[in-house]
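If you read the sequence from its start, that first residue is 1, and numbering goes on from there.
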Amino acid sequence: MFSSLVNIPASAKWAQNGVTVAGGHGSGGATNQLSYPHGLVIDDDQTVVIADYWNHRIIQWKNGDTKNGQVVAGGKGRGNGLHQLDHPTDVLIDKETDSLIICDQENQRIVRWSRRRGTTQGEILIGNIDCLGLAMDEQRYLYVSDWKKGEVRRYQLGEKNGTLVAGDNGQGDGLNQFNKPHYLFVDRQQNVYVSDKNNHRVMKRAKGAKEGIVVAGGQGVGSALTQLNHPNGLFVDTLGTLYVADTWNHRVIRWTRGDRKQGTVIVGGNGPGAGANQFRNPHGLSFDRHGNLYVVDNDNDRVQRFSIEKDL
């Protein structure tokens, strides 16, 4: 049920040229376009669900249909009505209720939107929160990053206030602080991984720990393999390998559990551009259950899929 159950061999490699599976027709609001997309989630059938930021909507692309997406939430112009979104940044699938959970950023709320046909509006789960990223664990606890407060909270669905689980000392660069926390990932042990964007690092906070540990970057801003530059999307596989969208370095980098000193570039890293082996500011990333990598190529207004190369 959860993406953390993706088994990726330690020796895995990916095709260096991505295939566009959503967008790629310039920035715009047509159903074959995206505009500054942010987070994404991959369903079991390889449907790609995308937070389409400047179009104020959630749009999904079915596997095999790269021509047009289908608007599944918002898309009624920018606004704060229950039928509207305002700059959504992240989206989750809650299989239990067959619904989407959306960070509706500029409306400072988390909303749930049923995936059933004919749904025309969402419901507010949490209000008055400066959310950016979302994650859900196996117990269906919801985790939300609040970029203004520099914290991550955990909520039982239906709860309004939540429990502080990371970032309990205001904004900063200490081990119990963040500077613009964005994307989140929670593994089966309820370890919380946070892309600490403006500190150019990824933090891991073990359940119940008083402070986090740096698991990627943290060596200042830069493009060396020990460094990150405004990291965004992240993913952890069953081996504990961490994958990071290293946004301003235009690459996806992998950090294995046994080597926290430096990462390995797995795709991108060929300078900013619109080629099949390039990105312009990658944001969200995820994997399907086959180990194929999906990357939101933000400034190219597209989502790229990189096929995992099967062992020979």
Short side-chain to backbone donor-acceptor contact, N270 and N277, under 3.5 Å: yes
- line: When P88, C103, S145 are each screened for side-chain contact (heavy atoms from CB on, under 4.5 Å) with C131, the one that passes is C103
task: Side-chain contact test, heavy atoms from C-beta onward, threshold under 4.5 Å: evaluate it for L293 versus I266 and give yes or no.
output: yes
field: Minimum-distance pair of heavy atoms, taken over all atoms of W147 and K180
entry: CB-CG, 4.0 Å
message: Side-chain heavy atoms nearer than 4.5 Å, only ILVMFWY residues, links allowed to pass through others: does that put L132 and V194 together?
response: no
message: Please enumerate all residues that pass ring-ring contact (aromatic ring centres under 6.0 Å, His included) together with Y143, with sequence neighbours excluded.
response: none
message: Tell me every residue that passes side chain to side chain contact (heavy atoms under 4.5 Å, CB included) with I124, counting only those two or more places apart in sequence or in another chain.
response: L82, R109, V111
- request: Inspect the contact between E123 and R112 and indicate whether a charged nitrogen and a carboxylate oxygen are less than 4.0 angstrom apart.
  value: yes
query: Sequence neighbours excluded, which residues qualify as ring-ring contact (aromatic ring centres under 6.0 Å, His included) partners of H182?
result: none
message: Under a 3.5 Å cutoff, is there a donor and acceptor pairing between the side chains of N300 and R280?
response: yes
query: When D43 is tested against each of K95, Q60, K62 for side-chain contact (heavy atoms from CB on, under 4.5 Å), which residue passes?
result: K95
- prompt: Does a donor on one side chain and an acceptor on the other come within less than 3.5 Å for N249 and S223?
  reply: no
message: Under a 4.0 Å threshold between the charged nitrogen and the carboxylate oxygen, would D137 count as salt-bridged to K207?
response: no
query: Side chains of S27 and S35: is there a donor and an acceptor less than 3.5 Å apart?
result: yes
query: With respect to I58, which candidate in D52, V71, L85 satisfies the side-chain contact (heavy atoms from CB on, under 4.5 Å) definition?
result: L85
query: Is a side-chain N or O of N232 found less than 3.5 angstrom from the main chain of S195, in a donor-acceptor match?
result: no
query: Among pairs that include at least one residue of residues 156-179, which meet side-chain hydrogen bond (donor to acceptor under 3.5 Å, both in side chains), considering only residues two or more places apart or in two chains?
result: D168-R205
query: Which atom pair, heavy atoms only, marks the closest approach of Y183 to T89?
result: OH-O, 3.9 Å
task: Taking H250 for its side chain and N281 for its backbone only, find out whether a donor-acceptor pair lies under 3.5 Å.
output: yes
field: Close side-chain approach of N55 to Y53, heavy-atom, < 4.5 Å
entry: no
query: Does Q219 use its side chain to pair, donor to acceptor, with the backbone of Q227 at less than 3.5 Å?
result: no
task: Step by step, work out the side chain to side chain donor-acceptor pair (under 3.5 Å) result for T31 and Q70.
output: CA-CA 7 Å; T31 53; Q70 172 194 8; over 6 Å; no
message: Would the distance check show the side chain of D90 and the main-chain N or O of I102 forming a donor-acceptor pair, the cut-off being under 3.5 Å?
response: no
query: With sequence neighbours left out, what residues match H230 under ring-ring contact (aromatic ring centres under 6.0 Å, His included)?
result: H200, W248
message: I'd like to know if R140 and D94 make a salt bridge, using a cut-off of under 4.0 Å between side-chain N and carboxylate O.
response: yes
query: Listed by chain and number, what are the side chain to side chain contact (heavy atoms under 4.5 Å, CB included) partners of K148, not counting sequence neighbours?
result: D130, D146
- prompt: Do I110 and V144 touch side chain to side chain, with heavy atoms closer than 4.5 Å?
  reply: yes
message: Under 6.0 Å from the ring centre and within 45 degrees of the ring axis: does the NZ or CZ of R254 meet both conditions for the six-membered ring of Y243?
response: no
- prompt: With the 4.5 Å side-chain cut-off for hydrophobic clustering, are V303 and V91 part of the same group?
  reply: no
- prompt: For N128, does the CG atom sit with more than 12 other heavy atoms under 6.0 Å from it, leaving out its own atoms?
  reply: no
